[in-house]
Amino acid sequence: MEIGASVASLDPASNVVNASETSGESDLLPLVFETLVVLDANGVPQPGLATSWNHDSAARIWKFHLRPGVRFQDGSPLTPDSAVSALANVDPAWHVSSSADTVSIETSAPAPDLPFLLAESRHALARRADDGNSVGTGPFRTTLWQAGKRAVFSANPDYWAGRPFLDSVEVTMGAASQTRTIDLQLGKADLVDLPPDMVRRATDDKLRVSVTVPTDLLALVFEADRRAVQDGRVREALVRSIDRAAIVNFILQKQGETAASLLPEWLSGTAFLFTVPVDPAGAHSLWEHIKPSPTLVLRYDSDGALEQAIAERITVDARAAGISIITRALPAATKSADYDVRLVRLQLSSPEPRAALSDLLDVLSPGSSEDVESLPNPASAEEIYNRERGSLDGFRIVPLVYLPRIYGVGNRVRNWEIRGGNALEGWQLGDVWVEGEAQ
Amino acid sequence: MAASNPQDARWWDSAVDSFVAKIAGDLKPRAAISLAMKNISSLDSATVAGIRASLEIAIRRRGFALASPDAKASTTIELTLSENLQDYIWAAVIHRGTHKDDEEQVEIVSVSRAAAVPAASSDRAMSLQRQIIWQQAGKILDFAMIAGDANGRFALVILEPERLAFYKSVTGQLQLDGAVTIAHEKPWPRDVRGKIDLEAQSATLPGVRCSGPFDHSETIQCSETALDKAGIAQLAGGSVEISGRDVEAAKLGAVCGMDSVLLASGTGDWTQPDVIRAYSSAEQQLAALGTPLDYAGPVLVLWGSSDRRSARVVSRNLVTGMYEASIVSVSCNR
């Protein structure tokens, strides 16, 4: 396997800021770590490390019955106490305790969506082994980890759901997209992730390409305290100048979708209700009335080639509408306030609309996710839609495009599949086998 | 979850009622409405037509007039049938007035997709028929039906990786009547198989055999057995090579004037829809017969019945995620 991301560490609780690394890490995590609950392709919670669960009438006190006979990869058994240790510090609003074969989670407010939250990879159960590394209960165990470069995972013979068919999985990280494509073509790699601009070449070369539903959102976020963007007309002018379709057609090579809402259609079912017209003339007219007009600074992640191409396209569109704008490339982790608007790439965290919206707003508009928390739980499609609509009023947050994950899959790979909501769950390689290899 | 036929009920009726109640609150009494509908969901055209007909009736019942699409109506409703993973979403944009900038309102209702899963089609004129016996979220290795008692009640045995479950029919519904836990030292292989032998009153898994009278499940005992080649071969079932791949197969007896018929699955993997097709096997050459039976996911197990008239099939429905136990039988087109 070859991926473009350089993943520093494999830890469910890590807080990665680089979008590319987030994507790489979430692909690899399910090889080693598992959650109490898993979501099927339709987004419905199914038993994972918990075989069943129940809750009180207020959906505040939940009991999860642990699957018997599960062991961490260091040989220690999965017990209610070890599950409690893994989950204890995940969410300060949870009180986690154990009894007999159950893990109890008590939440401060009703949480009917708790199974969905527990299915997120950040809630996977990990244990700190004697050597200081994190071990999980998944189908593979880490036998080599060279941060950001290479990893080897070997089949876990004691895996509770049966030993995976593959003996081992070798992952090369940080490989250039050209290299990944060529290696796939030559049979040196069986699975690679591909950037959108390599898809046409891959399909022309008769390579098998697997494209998921949209999993990432690219959006502009205006800085609340920057004087240059206090005037709503400034924000609106920039938004109206951007030709999203051109970004999808030319930069993404049609491997994405224009976005006018935060949640994509497959997740909310209401994305089609949001529209943002391309209106360079209107943008020009708005901008002409702003006196004095500012020069906007657009920040993007210097580690992302795609982000750079899109930022440059935005400046082309903006300048065509008479808007003065410059770009600034900074590493994702750099704390700097010297910009007016930022291009961000965010990965959807959950196939459950309320949880996904809450996590997006947590990053895009810190503080406003509390408004989502105040939504009924579960929230209706209409309530989600209204909250989403409200968060986009005023052009502070501007969705641009949705991106899928794209994989090149070797022709001898069997049982490879990412369907529907499973796109957010990363690689599920337990059932995969490679034709012609001794299994 | 037992098999049911939700198509018997028009699942969208309650959604139509709540939808029309919602939009009625936004409209003037006796308003003339122009209704435009668009389907971007996975619903088929027949279902969409049914929804439209129900909507029109419900709108008229509320006292509104439906204008023809060409006529100028004071209110236009643009209804889009959409969906997300869990629900069908019906979203209406209501325009009041005839100008583009006039007031606009959005109303949304959702219907659980779980309540609207259509049953597999069984009315096609084919030589193979499929009867779904049971479906459940957990893995099924094999199943067997035990003939009815004096009251016509029958029992169903489901072999799962961790238990042998016994269901009895009570007033037409199958209810869990008992279960035998299957203890095993080591984790099962990932592609674990198992087989029920009704005549021997036993169920076999790799290295484990459970036996005892199936009508007294509490007396069934499971014990470890030697995991020899013969045992593994017995669980492997029948196979045949089609298009260069070994696929599941079961040989049936004389039917439709032929000495025997072979039923075989398709050549896809576990991520793909599958088929079961009948073949004649005269002169060592397989010749496909009739129309294949479509499955919404892989056929995992295909065993011929002891009377060689039908086959029992375990498959996984990739749309619903459920494992399905079904009986496939052959009939002759006349």
Side-chain angles (χ1 to χ4, degrees), chain A residues 39-44 46-47 51 67-71 116 139 155-166 210 213 263-273 351-353 378 380-386 389 413-422 428 430-433 435 439, chain B residues 18-19 22 38-42 78 80-93 104-114 117 137-139 161-162 181 183-193 206 244-245 267-272 297-298 316-322:
Chain A
L39 300 181
D40 65 19
N42 296 322
V44 179
Q46 300 289 352
T51 53
R67 187 177 292 281
V70 177
R71 289 187 174 274
F116 291 95
N156 175 3
D158 301 321
Y159 182 49
W160 60 268
R163 181 193 188 279
F165 295 138
L166 296 173
S210 166
V213 293
L263 302 178
E265 179 68 18
W266 70 267
L267 211 162
S268 69
T270 56
F272 70 91
L273 290 166
E352 199 280 312
S380 69
E382 187 164 26
E383 288 160 338
I384 299 279
Y385 164 78
N386 287 332
R389 173 71 76 188
V413 174
R414 297 284 171 263
N415 282 347
W416 162 263
E417 178 186 48
I418 293 193
R419 288 195 312 126
N422 288 151
Q428 307 293 326
D431 287 334
V432 166
W433 54 280
E435 201 162 76
Q439 303 298 321
Chain B
S18 52
F19 182 76
K22 266 191 157 185
K38 186 174 160 190
N39 176 33
I40 58 171
S41 73
S42 56
E78 291 172 6
T80 303
L81 307 183
S82 174
E83 66 190 356
N84 61 23
L85 288 176
Q86 283 89 26
D87 300 317
Y88 289 115
I89 311 277
W90 298 4
V93 181
E104 191 177 285
Q105 181 106 14
V106 175
E107 297 290 358
I108 300 172
V109 297
S110 43
V111 193
S112 166
R113 290 172 63 143
V117 175
K139 191 181 274 187
E162 308 298 333
T181 300
H184 52 106
E185 274 284 299
K186 291 193 168 181
W188 294 126
R190 191 150 192 101
D191 50 353
V192 60
R193 294 176 68 101
R245 287 178 191 275
T267 56
D269 65 19
W270 290 354
T271 67
Q272 296 165 317
R316 182 149 195 243
N317 186 322
L318 294 176
V319 178
T320 62
M322 306 285 266

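The shown structure was predicted, so the numbers you read here are calculated from the model rather than taken from an experiment.
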So, the part of B:Ile108 with a heavy atom under 4.5 Å from chain A: the answer is both

Honestly, the part of B:Leu318 sitting under 4.5 Å from a heavy atom of chain A is both

If one checks every heavy atom of A:Tyr159 against chain B at 4.5 Å, the contacting part turns out to be both

Whatever's closer than 4.5 Å to a heavy atom in chain A on B:Gln272 counts as neither

Rounded to the nearest 0.5 angstrom, the CZ-CD distance for A:Arg67 and B:Glu162 is 8.0 Å

Under 4.5 Å to a heavy atom of chain B? For A:Ser268 that would be backbone

Rounded to the nearest 0.5 angstrom, the OG1-CG distance for B:Thr80 and A:Leu273 is 6.5 Å

dist A:Thr270:OG1 -> B:Ile89:CD1 (nearest 0.5 Å) comes out at 7.0 Å

Turns out that what part of B:Trp188 lies under 4.5 Å from chain A's heavy atoms comes down to backbone

Honestly, the part of A:Gln46 sitting under 4.5 Å from a heavy atom of chain B is side chain

Turns out that what part of A:Leu267 lies under 4.5 Å from chain B's heavy atoms comes down to backbone

Between the CD1 atom in B:Ile40 and the CD atom in B:Glu83, the distance rounded to the nearest 0.5 Å is 8.5 Å

Turns out that what part of A:Pro353 lies under 4.5 Å from chain B's heavy atoms comes down to side chain

Residues at least two apart in sequence or cross-chain that pass ring pair (Phe, Tyr, Trp, His ring centres under 6.0 Å) with A:Tyr385, listed by chain then number, are A:Phe274

Here the gap from B:Arg316 atom CZ to B:Trp270 atom CH2, rounded to the nearest 0.5 Å, amounts to 10.0 Å

One should read off an interatomic distance between B:Tyr88 OH and B:Leu81 CG, to the nearest 0.5 angstrom, of 10.5 Å

Q. Under 3.5 Å, is there a donor-acceptor pair between the side chain of A:Glu352 and the main chain of A:Gly43?
A. no

Honestly, the part of B:Val93 sitting under 4.5 Å from a heavy atom of chain A is side chain

Bottom line for B:Lys38: the part with an atom under 4.5 Å from chain A's heavy atoms is neither

